There are 2 protein chains.
Amino acid sequence: MSDRQKEVTIYDIAQKLNISAATVSRGLKDHPGTNKETKKKILAAASEMGYHSNSFASSLRTKRGNIIGVIVPRLNSNFMSDVIAGIEKVVNESGYNLFISQSLEEMEKEVSNAKAMYNNRVDGLLVSLAYNTNNINHFEAFIKRNIPVIFFDRVHEHQQCPSIFIDNYKAAYNITNHLIEQGCKRIMHIGGSQLRNVYIDRFNGYKRALEDHKIPFEDELLIINDLSAQSGARAAQQILEMKTQPDGVFVANDLCAISCMQLLKKQGIRIPEDIAFAGFNNDPTSCVIEPNLTTIDYRGYEMGEVAAKVLIGHLDNNNDLIQTHSLILRSELIVRDSSRKKE
Amino acid sequence: MSDRQKEVTIYDIAQKLNISAATVSRGLKDHPGTNKETKKKILAAASEMGYHSNSFASSLRTKRGNIIGVIVPRLNSNFMSDVIAGIEKVVNESGYNLFISQSLEEMEKEVSNAKAMYNNRVDGLLVSLAYNTNNINHFEAFIKRNIPVIFFDRVHEHQQCPSIFIDNYKAAYNITNHLIEQGCKRIMHIGGSQLRNVYIDRFNGYKRALEDHKIPFEDELLIINDLSAQSGARAAQQILEMKTQPDGVFVANDLCAISCMQLLKKQGIRIPEDIAFAGFNNDPTSCVIEPNLTTIDYRGYEMGEVAAKVLIGHLDNNNDLIQTHSLILRSELIVRDSSRKKE
DNA sequence: CTGTTAGCGCCTTCAA
DNA sequence: TTGAAGGCGCTAACAG
């Protein structure tokens, strides 16, 4: 925009009031030791003249932009949009601004987003890793300069980066255990990228539960995919083609679980009588599908709030070194009809 | 963060290469007319020294931050997170950054968010209005300075602000018409804030369809609420208590429709035999509920992409005056079992 | 093709 | 309590 009107600056205010710009600058932000009268005049003039602080100038000078950056795999999942909403609330209330970008599950994009965040001099970064990210060198620049990086949900252990997540291992253990208690003997697991903690841990929790019940783990009963709805339908197809079908399925997210259930139901499989189901996430859809889906509840909104609070706590306390201090949030098994073998 | 290492600047590069900072600045961004060799050396040095452009300084100088601001009612709805994902994609690909904030359906918050966006000197603004916003004076500052403001979905007519939305009137007309064709004679409408175009238009489309079929509109058959799940359940309760129940319900969003259906089903109401249902939005839940919900499909992702493209088109063409040029995107009636009266 | 110069608007010593 | 002065890092004339 070329002919944008020029903005009112502190100099304009200073001139009008016959004082110095320095005084205006101080008056505008409760600098200790400013005459109350002058301050009042300054504020009055500022609002009358339509003054708006220029944050570029201020950021350049102070080296702080009051910006928090967020990089997530996708914005449009139920879980992630809850997280973002929680982050936004805290960030907004604390007077920061929010830069958001999505990696679309590609490490390459994550790297370029991180670079953009860096150039924009975010004060701190909240990250949930892409599907295929296999190293986090792209965050080293931040860490080296004490710009806090906090991982959430899809995290990466790092000396200097706190992580915020749930106990996926335990949750998966519990839900698999529950299936076993319902009488399931051949339990399939549909999981996600074994690069990501969340899916590794869910898989391991599942395996451990089998083990504890002396049920051998079978390769045939493991499907690793991207946990999309399409993949859920494909998995259902695979199940239908099996010689010996499973009598229980634990899927690492609800989206995939539900699309799998829908296709099986259409083919006459009875849930839970023939095959019991369990998911993960407590998506809204999980209590719309019939039978309602047994799942793990963990609130994205809360995770977003917590992550943002931890980050802003660091920033506002001016801690130079971020102490690694990870948080494990609560999650909960929710038993619904999809896993209640009735017999 | 106090002891953040000082950053490498173009001066450092200039010094090392024994050239001027201006040349470095030019070399760094393909300025037409820069020796290829020098440029190569500059880029090499920059990457070797770990140079990162300081966007505060650059923005201060050029008065452009390459930032696009977004203000929406809530981030965590299926529709809105699709929109945001679409916006992010386009914005990111065009080299802009995205500032996001939510009004939480409160005009007051919308106003303060707008102010923050202004201070941060966004280059343009994408807005979907809060539930109770009753004027848009808070955007006048932008408009006055030729900072483009574009409304989408929940829009406001304004000489200088393009709007992007769907034909809610027609969609509502069609879906109501469909219910009538299925044999419904007493059709209830559950709608939202009559301050927002989307809900006004849906209501009017509904009324018009009744009219065209000589069905009188009855006050008793209108419920206006916030279209939340809770309100859906409450509406169901009201329906159950009615002397003469409706034989069809058109709800202005799927979320509310589904929660209403669930409660009615639990009370033994048969859908669609006793009461046919239609919603709006084509939420993922709409094809999970049984019977699947008849609804209106319009893609949030596409709306986000379009809105962002229109905005960036304006910015990159350096149009000083944004020509009002609104867009009506396609929407589509999707008939499912919730409205198929069988008899 | 490159260097010189002069700010963008703000904040922050330092001195008064 | 206030003012003067300098500079954050970059870019855009202008001149060479």
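Letters A, B, ... are given to chains in the order of the sequence lines, protein chains preceding strands, and every chain is numbered from 1. Given the structure is predicted, the values throughout are model-derived calculations rather than measurements.
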Legend entry - Expected output: side-chain E110(B) to main-chain A130(B) donor-acceptor under 3.5 Å: yes
Inset, instruction - Report which part of the nucleic acid S25(B) touches: base, sugar-phosphate, or nothing (heavy-atom distance under 4.0 Å, all strands). - result: base
Legend entry - Residue whose closest nucleotide on DNA chain C lies nearer the 5' end, N18(B) versus R26(A): N18(B)
Inset, instruction - Quickly work out the I10(A) CD1 to dA5(D) C1' distance and round it to whole Å. - result: 13 Å
Inset, instruction - Please check if any side-chain donor atom of N92(B) sits under 3.5 Å from a side-chain acceptor atom of N113(A), or the reverse. - result: yes
Inset, instruction - Would you please confirm or rule out a distance under 4.0 Å between OP1 or OP2 of dT2(D) and any side-chain N or O of T38(A)? - result: yes
Legend entry - Residue Y11(B), side-chain heavy atoms: nucleotide from dC10(C), dC10(D), dC8(D) that is nearest: dC10(D)
Inset, instruction - Write down the distance between NE2 (H31(B)) and P (dC10(D)), rounded to a whole number of angstrom. - result: 17 Å
Inset, instruction - Provide, to the nearest angstrom, the distance between the NZ atom belonging to K41(A) and the P atom belonging to dT1(D). - result: 14 Å
Legend entry - Rounded interatomic separation in angstrom, taking CZ from R64(B) and P from dG9(C): 16 Å
Legend entry - S58(B) vs dG9(D): side-chain N/O to OP1/OP2 distance below 4.0 Å: no
Legend entry - Contact under 4.0 Å: K36(B) side-chain N or O vs dC1(C) OP1/OP2: no
Inset, instruction - Write down the distance between CZ (R121(B)) and C1' (dC8(C)), rounded to a whole number of angstrom. - result: 11 Å
Inset, instruction - Hey, can you tell me if F142(B) and Y118(B) have their rings parallel, tilted or perpendicular (30° and 60° cut-offs)? - result: perpendicular
Legend entry - Of A21(B) and L60(B), the one whose closest DNA chain C nucleotide lies more 5': A21(B)
Inset, instruction - Would you mind telling me which residue lines up with the more 5' stretch of DNA chain D, A22(B) or T62(A), judged by nearest nucleotide? - result: T62(A)
Inset, instruction - Ignoring backbone atoms, test whether Y51(A) places a side-chain nitrogen or oxygen under 4.0 Å from the OP1 or OP2 oxygen of dC10(C). - result: yes
Inset, instruction - Assign K29(A) to base, sugar-phosphate, or nothing according to its heavy-atom contacts below 4.0 angstrom with the strands shown. - result: sugar-phosphate
Inset, instruction - Classify the nucleic acid contact of F56(A) as base, sugar-phosphate or nothing, counting any heavy atom under 4.0 Å across all strands shown. - result: nothing
Legend entry - Short side-chain N/O contact from S20(A) to OP1 or OP2 of dT2(D), under 4.0 Å: no
Inset, instruction - Look at the aromatic rings of H156(B) and F151(B) and report parallel, tilted or perpendicular, splitting at 30° and 60°. - result: tilted
Inset, instruction - Calculate the interatomic distance between D12(A) atom CG and dC10(C) atom C1'; express it in whole Å. - result: 13 Å
Inset, instruction - Return the value, rounded to whole Å, for the distance between atom CD of E7(B) and atom P of dG9(D). - result: 8 Å
Inset, instruction - Choose from dT2(C), dC8(D), dC10(C) the nucleotide whose nearest atom is closest to any side-chain atom of A57(A). - result: dC10(C)
Inset, instruction - Specify the separation, in whole Å, of atom CG of N35(B) and atom P of dT2(C). - result: 5 Å
Inset, instruction - Give, for atom OG of S163(A) and atom CG of L327(A), the distance between the pair rounded to the nearest 0.5 Å. - result: 9.5 Å
Legend entry - Backbone of S59(B) reached by a side-chain donor or acceptor of R64(B) within 3.5 Å: no
